[in-house]
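Single-structure report; data block below.
Residue numbering restarts at 1 for every chain, and letters A, B, ... go by the order of the sequence lines.
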Protein chains: 2
Amino acid sequence: MNAPALTKNQALVFEVLERADGPLSAYTILDKLRDHGFRAPLQVYRALEKLLEYGVVHRLESINAFVACAHPEQNCHSHGIVAFAICESCGHVLEFHDHEVDHRLMNWTRGKKFKAEKTTIEIRGLCEACAA
Amino acid sequence: MNAPALTKNQALVFEVLERADGPLSAYTILDKLRDHGFRAPLQVYRALEKLLEYGVVHRLESINAFVACAHPEQNCHSHGIVAFAICESCGHVLEFHDHEVDHRLMNWTRGKKFKAEKTTIEIRGLCEACAA
DNA sequence: ATCGCACACGTTATAGCATAACGCAATTGA
DNA sequence: TCAATTGCGTTATGCTATAACGTGTGCGAT
C-alpha cells in the first residue's frame, strides 16, 4: 500500500510521531494536538489507522504505542516482517528486518497450514546507553 | 522459575485457562470465576502475574489475552523464545520454539548492544480449519 | 513466645486504551 | 443529479490494567 497525500489530521499525527524520539500512546498524541483542534481519541485513532495502512507508522503491541517508521523513504510493507527492540528505560526503538527469521517463521506456519496475516516481533529490554 | 504449589486463586485461574480452548481476557476469566467468589479484576491479574512468572501461562500481547502453556510438563522458560500463531477466526493458538530464530534475533540485539529481557513473537492469521 | 517480615488476599477507586453509533460535509464518478 | 465513499466531529461507552489501602496468615529469628 503506497501512501497517498495525507489529510490534515493524518499529517498532524504523523508529524507528531516523526518529531517524537520514541513511541507515543494515542492519548499522548491527542494531548499534543489539542492546540490544533483535536478534541477526541477517535480523531487520533482514525488517522493512525490510515498511517498504519500506508506503512509509515508502526504499532507496538506490547506497549500500546505508535512510532513513525524508521525508513520513511521506502514502503516498509515491502521489507517483510519488522522486528523492534524497545528500551524499557528510555523508550527508544530500534527497527530491523531479517529475511532468515521471516523464512523460518513462514516455513513453520506453512507446515501448520496457517495463513499468516500480520506478524509481530518485539524485544523489550535495555538499549546500549541505558544498560550501562 | 519453577512453579511452587499454586495458591487457591492461582489454581482457579489456571484451571480456567487450561479448560478453555483458546486465549481468554482477564475480564473473561473474572466472569468465569464469579461463582467462586471472585469480585475484582485484581484477583485475576495478581494470579496471572504469578502464573506468568512460573511460566505456565503466556500473555498474548497483540490481543490482550492469556493462554495456558501448551506443554505444561516442562518449564517453558527453558525453551528460549516462544512464538505463537493466533487464529483470528476461531481463536486457537499454536505455540512453537525455534532456536535459529532465537539466534538471529539475539545476534542482532547483541550487535546493537541491546540487552534483551523479553521477546514477543505473535503471528495473527487463519488456522487450517478456518482458512478453508 | 512474639516480633517482624513477606506474601497472598479483598475492596474501592481510578487510570489508560480503544471503539460504537450518530450525523454532517466534501468529493467523485456513473 | 444522485449515490457512494471518505473524512471528520461529537458523545457515549466499553475494555484493559493498576494504585492505594487495609487484613490475615505463616514462618523464621531473636
Parallel, tilted or perpendicular: which one describes the rings of A/Y45 and A/F66, with boundaries at 30° and 60°?
perpendicular

Any side-chain N or O of A/S25 below 4.0 angstrom from OP1/OP2 of C/dC17?
yes

Hey, is the side chain of A/K50 poking within less than 4.0 Å of OP1 or OP2 on D/dG7, counting only N and O atoms?
yes

Any side-chain donor paired with an acceptor under 3.5 Å for B/T120 and A/R124?
yes

Without decimals, in angstroms, what is the distance between B/L12 CG and C/dC9 P?
9 Å

Can you find a side chain N or O atom of A/T7 that sits less than 4.0 Å from OP1 or OP2 on D/dT6?
no

With centres under 5.5 Å and planes under 30°, do A/Y45 and C/dT19 count as stacked?
no

To the nearest Å, give me how far apart CG (A/L30) and P (C/dT19) are.
15 Å

Minimum side-chain heavy-atom gap A/L24-A/K32 below 4.5 Å:
yes

Modelled atom types, side-chain donor and acceptor of B/R110 and B/N107, under 3.5 Å:
yes

Let me spell it out: for each of A/I63 and B/L42, pick the nucleotide of DNA chain C with the closest heavy atom. Which residue's pick is nearer the 5' end?
B/L42

At under 4.0 Å between heavy atoms, what does A/R39 touch on the DNA or RNA strands: base, sugar-phosphate, or nothing?
sugar-phosphate

A/N9 or B/N64, whichever maps to the more 5' nucleotide of DNA chain D:
A/N9

Is any side-chain N or O of B/Q43 closer than 4.0 Å to OP1 or OP2 of C/dC9?
no

Can you tell me the distance, in whole Å, between the CG atom of B/L6 and the P atom of C/dC7?
16 Å

With a 3.5 Å cut-off and heavy atoms only, can you find an N or O donor on one side and an acceptor on the other between the side chain of B/Y27 and the base of D/dA17?
yes

Starting from P on D/dT18, measure out to CG on B/L48 and report it in whole angstrom.
10 Å

